[in-house]
Amino acid sequence: MAQGRDSYRRMFARHGMPATLVRLGTPNTEVSIHVVRRYSEEEQVVREISQYDARFTLRHEEVESSGFPLPIKKGDRIIKAGEYFTIRLSRPLESHGEVIGYEVRAIGG
């Protein structure tokens with residue numbers, strides 16, 4: 001069961017970048033985490049208008065231990081290297097029935 005967690009831990013040790021996960025509120029919740037960013041993909045939204053979608057992977061253990069209120073939801077933000085991203089979709093990633101991470105789609109940058 002820990003195999004998925006160990007694999008993610010190695011991936012984040014090699015490719016993870018520091019970021020801040022933010023939930024707006026009173027007060028705002030801000031935690032430091034590491035993310036793995038995938039390249040943006042262009043999606044056709046309405047006729048000539050296109051939007052770029054940034055994808056991030058977050059490690060469940062790190063988000064949970066940071067004290068960030070789960071689940072990650074639409075409207076939460078990621079700040080990475082001075083760029084702001086607003087989360088529009090988050091889905092848990094599982095290994096052997098255990099949540100090991102989150103795939104997040106965000107706009108911004």
Side-chain angles (χ1 to χ4, degrees):
M1 300 294 174
Q3 182 179 14
R5 282 193 314 251
D6 292 342
S7 176
Y8 257 53
R9 192 175 293 121
R10 285 190 302 273
M11 179 180 77
F12 275 81
R14 184 175 297 162
H15 302 289
M17 297 173 273
T20 303
L21 185 59
V22 178
R23 170 143 323 141
L24 299 177
T26 308
N28 291 347
T29 302
E30 295 187 14
V31 297
S32 295
I33 60 167
H34 291 84
V35 298
V36 172
R37 181 177 178 189
R38 295 186 355 202
Y39 289 99
S40 300
E41 296 177 2
E42 185 177 3
E43 293 183 6
Q44 199 71 22
V45 179
V46 179
R47 296 187 187 138
E48 302 85 34
I49 301 172
S50 62
Q51 178 170 305
Y52 287 89
D53 198 28
R55 296 180 184 206
F56 296 94
T57 303
L58 290 69
R59 212 167 54 105
H60 174 73
E61 282 182 341
E62 188 175 21
V63 174
E64 186 177 54
S65 68
S66 73
F68 191 81
L70 293 172
I72 296 170
K73 59 185 186 178
K74 183 178 181 176
D76 289 343
R77 305 219 170 131
I78 293 175
I79 304 169
K80 189 190 87 43
E83 294 181 293
Y84 288 75
F85 300 88
T86 301
I87 295 172
R88 66 182 192 109
L89 178 73
S90 172
R91 71 176 185 94
L93 300 171
E94 296 182 4
S95 175
H96 304 288
E98 177 184 26
V99 176
I100 58 171
Y102 301 95
E103 180 183 350
V104 172
R105 287 182 171 204
I107 54 175

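Along the sequence shown, residues are numbered consecutively beginning with 1.
- Here the shortest heavy-atom pairing between Phe56 and Ala54 reads CE1-CB, 3.9 Å.
- Nearest heavy-atom pair, Val35 versus Lys80, reported as atom, atom and distance to 0.1 Å: CG2-CD, 4.0 Å.
- In terms of heavy-atom proximity, Thr29 sits nearest to Pro69 at CG2-CD, 3.8 Å.
- Annotation: ring pair (Phe, Tyr, Trp, His ring centres under 6.0 Å) contacts of His60 (sequence neighbours excluded): Tyr102.
- Cluster membership for Ile72 and Leu89, using ILVMFWY side-chain heavy atoms within less than 4.5 angstrom, is not shared.
- The structure places CZ of Arg105 at 6.0 Å from CZ of Arg88, a figure rounded to the nearest 0.5 Å.
- Tracing side-chain contacts under 4.5 Å through hydrophobic residues (I, L, V, M, F, W, Y), one reaches Leu70 starting from Ile78; they form part of the same cluster.
- Applying the side chain to side chain donor-acceptor pair (under 3.5 Å) criterion to Glu30, with sequence neighbours excluded, gives no partner residue.
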Using residues 13-21 as the side-chain source, report each donor-acceptor pair under 3.5 Å to any protein atom, sequence neighbours left out, with the distance given to one decimal.
none

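- Sorted by first and then second residue, the side chain to side chain donor-acceptor pair (under 3.5 Å) pairs involving residues 64-76 (not counting sequence neighbours) are Arg23-Asp76.
- For Arg59, the salt bridge (Lys or Arg N to Asp or Glu O under 4.0 Å) partners at least two apart in sequence or on another chain are Glu61.
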